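Reminder, nothing fancy here: chain letters follow the sequence lines and each chain counts from 1. Everything numeric in this text was worked out from a predicted model, so none of it was measured.
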Protein chains: 2
Amino acid sequence: MVREEDILQKLESHQLRKTAFRKEVLELFMASEGEALSNQELESQLDNPDRITLYRTLKAFEDKGLIHLAADSGGISRYALCLADCTTHAHHDQHAHFQCRTCGKTICLEGEVVIRAQAPAGYKVERENLTLEGLCDECI
Amino acid sequence: MVREEDILQKLESHQLRKTAFRKEVLELFMASEGEALSNQELESQLDNPDRITLYRTLKAFEDKGLIHLAADSGGISRYALCLADCTTHAHHDQHAHFQCRTCGKTICLEGEVVIRAQAPAGYKVERENLTLEGLCDECI
DNA sequence: TTCCAAATGCAACGCCGTTGCAATAATTTT
DNA sequence: AAAATTATTGCAACGGCGTTGCATTTGGAA
């Protein structure tokens, strides 16, 4: 269970207005335990879901460093809560994601990620994106 | 320049019919030097491009192991030629991709890729997907 | 309470990708 | 080489994801 107080505090600290809608959305993220949620999944759990408002809410959350985008192989967007040290326009959590090829469930992976891959000379690498694909524990 | 003979041979060896359209599409891939091309980019270079036919052509190429999908951060599909040892339903080339955040140019990266990341116990990892993002030599 | 800026809800749009179906073209068979 | 078979093409229509513009409502500050 997520405490109302914690939700409000999180919105406040990220300079986001405490509207009913945003509280609902943030609660879903905080209750999802590191799972990345799609617009569709969020809509199905919301009270009075307006697609467009949800899109804009997620974009606002992302801009303020509250959530981050996790690549989905199907081309849709999935977001997950950032760790504590992400702030506005400064996402610091460089971690891998896992996506189940059957149910689409996507989670953030904890722990160390070591990547060795080289871009050609003259290229500038700014971010590394690692996604593991396979079967989750429920689809195996 | 790509030789007609090589195009036909490649289609033949992958059990694909040698139609005018497919020859055109394959030629674009063979001339692109490891760059991953989107439907849009292909359409703009084709003679008489039918969107739907192009989608199906790419799917056929992929099924037969001629091309592979490279993740695009914007959620669209980009394909690139496979290396020689890919065959029907058996893609062997596990390599990273680089995508420019400005122009979208996407290339296959050669060389070794070492990944250390752990999925939770009970999960089965089947594929690892590594994409580097940044600026290409022309956008820097 | 008043005011302003931000967030919401609605309508409309554009792009990516897919499906069904009839017409056409490439192989295979005789 | 013609007929039969099978795959491919082109077209129409559709659905989903995501965006933009605009009027209305709401949250927060003065």
Side-chain angles (χ1 to χ4, degrees), chain A residues 4 7-28 36-44 46-64 66-79 88 99 104 106, chain B residues 4 7-28 36-79 88 99 104 106:
Chain A
E4 169 98 4
I7 298 172
L8 294 176
Q9 191 266 323
K10 223 169 171 58
L11 286 172
E12 171 103 32
S13 69
H14 288 269
Q15 299 153 54
L16 290 159
R17 291 200 177 174
K18 308 175 194 68
T19 69
F21 192 82
R22 294 188 171 189
K23 283 191 276 183
E24 259 194 280
V25 174
L26 181 51
E27 177 165 17
L28 291 179
L37 305 172
S38 65
N39 283 66
Q40 223 184 23
E41 290 166 347
L42 289 165
E43 273 179 56
S44 72
L46 285 168
D47 220 28
N48 181 25
D50 179 63
R51 285 186 337 114
I52 297 102
T53 302
L54 181 54
Y55 279 116
R56 288 194 271 227
T57 297
L58 295 177
K59 189 147 285 184
F61 281 13
E62 190 190 20
D63 284 349
K64 302 293 171 140
L66 232 179
I67 59 177
H68 64 270
L69 194 54
D72 178 295
S73 63
I76 66 171
S77 295
R78 285 170 179 274
Y79 291 93
T88 301
Q99 179 167 41
T106 303
Chain B
E4 167 98 4
I7 298 171
L8 295 177
Q9 191 267 323
K10 226 172 170 55
L11 287 172
E12 171 104 32
S13 69
H14 288 269
Q15 298 153 57
L16 291 159
R17 290 198 177 176
K18 308 173 194 71
T19 69
F21 192 81
R22 294 188 171 187
K23 283 191 277 183
E24 259 193 280
V25 174
L26 181 51
E27 177 164 17
L28 291 178
L37 305 173
S38 65
N39 282 64
Q40 224 184 23
E41 290 166 346
L42 289 165
E43 272 179 58
S44 72
Q45 295 182 72
L46 285 168
D47 218 30
N48 180 26
D50 178 63
R51 285 187 336 116
I52 297 103
T53 302
L54 182 54
Y55 279 116
R56 288 196 270 227
T57 297
L58 295 177
K59 189 147 284 185
F61 280 13
E62 190 190 21
D63 283 348
K64 301 294 170 132
L66 232 178
I67 60 179
H68 64 271
L69 194 55
D72 179 295
S73 63
I76 68 170
S77 297
R78 285 171 179 272
Y79 290 93
T88 302
Q99 180 168 41
T106 303

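- Both A:Q40 and A:R56 lie near DNA chain D, and the one whose nearest nucleotide falls closer to the 5' end is A:Q40.
- Dense packing is recorded around CD of B:E41, with more than 12 heavy atoms of other residues, nucleotides or ligands lying under 6.0 Å away.
- Side-chain N/O atoms of B:S77 include none lying less than 4.0 angstrom from OP1 or OP2 on C:dC16.
- Between A:L37 and A:I67 there is no side-chain heavy-atom pair separated by less than 4.5 Å.
- An OP1 or OP2 oxygen of C:dG17 is reached within less than 4.0 angstrom by a side-chain nitrogen or oxygen of B:Y55.
- Residue A:L26 comes nearest to A:K10 through the heavy atom pair CD2-CB, 3.9 Å, listed as atom of the first residue, atom of the second, then distance.
- Between B:F21 and B:N48, the closest heavy-atom pair is CE1-O, 4.2 Å.
- Residues A:F61 and A:H14 fail the side-chain proximity criterion, which asks for heavy atoms closer than 4.5 Å.
- The separation between A:K59 atom NZ and C:dA6 atom P is 18 Å, rounded to whole Å.
- Listed nucleotides: C:dA12, C:dA5, C:dT27. Nearest to the side chain of B:R17: C:dT27.
- Rounded to an integer number of Å, the gap from A:N48 CG to C:dA7 P is 18 Å.
- Of all the residues in residues 18-27 of chain B, B:T19, B:F21, B:R22 reach under 4.0 Å from DNA chain D with at least one non-hydrogen atom.
- Proximity of A:K23 to A:E4: side-chain heavy atoms (C-beta onward) are separated by under 4.5 Å at one or more points.
- Protein atom CG of A:D50 is 7 Å distant from nucleotide atom C1' of C:dT8, rounded to whole Å.
- Shown here are the side-chain contact (heavy atoms from CB on, under 4.5 Å) partners of A:I52, two or more places apart in sequence or in another chain: A:D50, A:R56.
- Residues B:D72 and B:G74 approach most closely at OD1-N, 2.5 Å, considering heavy atoms.
- A:L16 has its CG atom 19 Å from the P atom of C:dA5, to the nearest Å.
- Contacts between chain A and DNA chain D, taken as any atom within less than 4.0 angstrom of a protein heavy atom, begin and end at D:dC17 to D:dG28.
- Here the C1' atom of nucleotide C:dC15 and the CG atom of B:L54 are 15 Å apart, to the nearest Å.
- Axis angle between the ends of the helix from C:dT1-D:dA30 to C:dT30-D:dA1, five pairs each and rounded to 10 degrees, works out to 30°.
- Atom CZ of B:R78 is separated from atom P of C:dC16 by 11 Å (rounded to the nearest Å).
- Partners of A:N39 under the side-chain contact (heavy atoms from CB on, under 4.5 Å) rule, at least two apart in sequence or in another chain, are A:E43, A:L54, A:Y55, A:L58.
- The distance from atom CZ of A:F61 to atom P of C:dA7 is 10 Å, rounded to the nearest whole Å.
- Residues forming a side chain to side chain donor-acceptor pair (under 3.5 Å) with A:K18 (at least two apart in sequence, or on another chain): A:E12.
- In terms of modelled atom types and a separation under 3.5 Å, the side chain of B:R78 and the main chain of B:A36 share a donor-acceptor contact.
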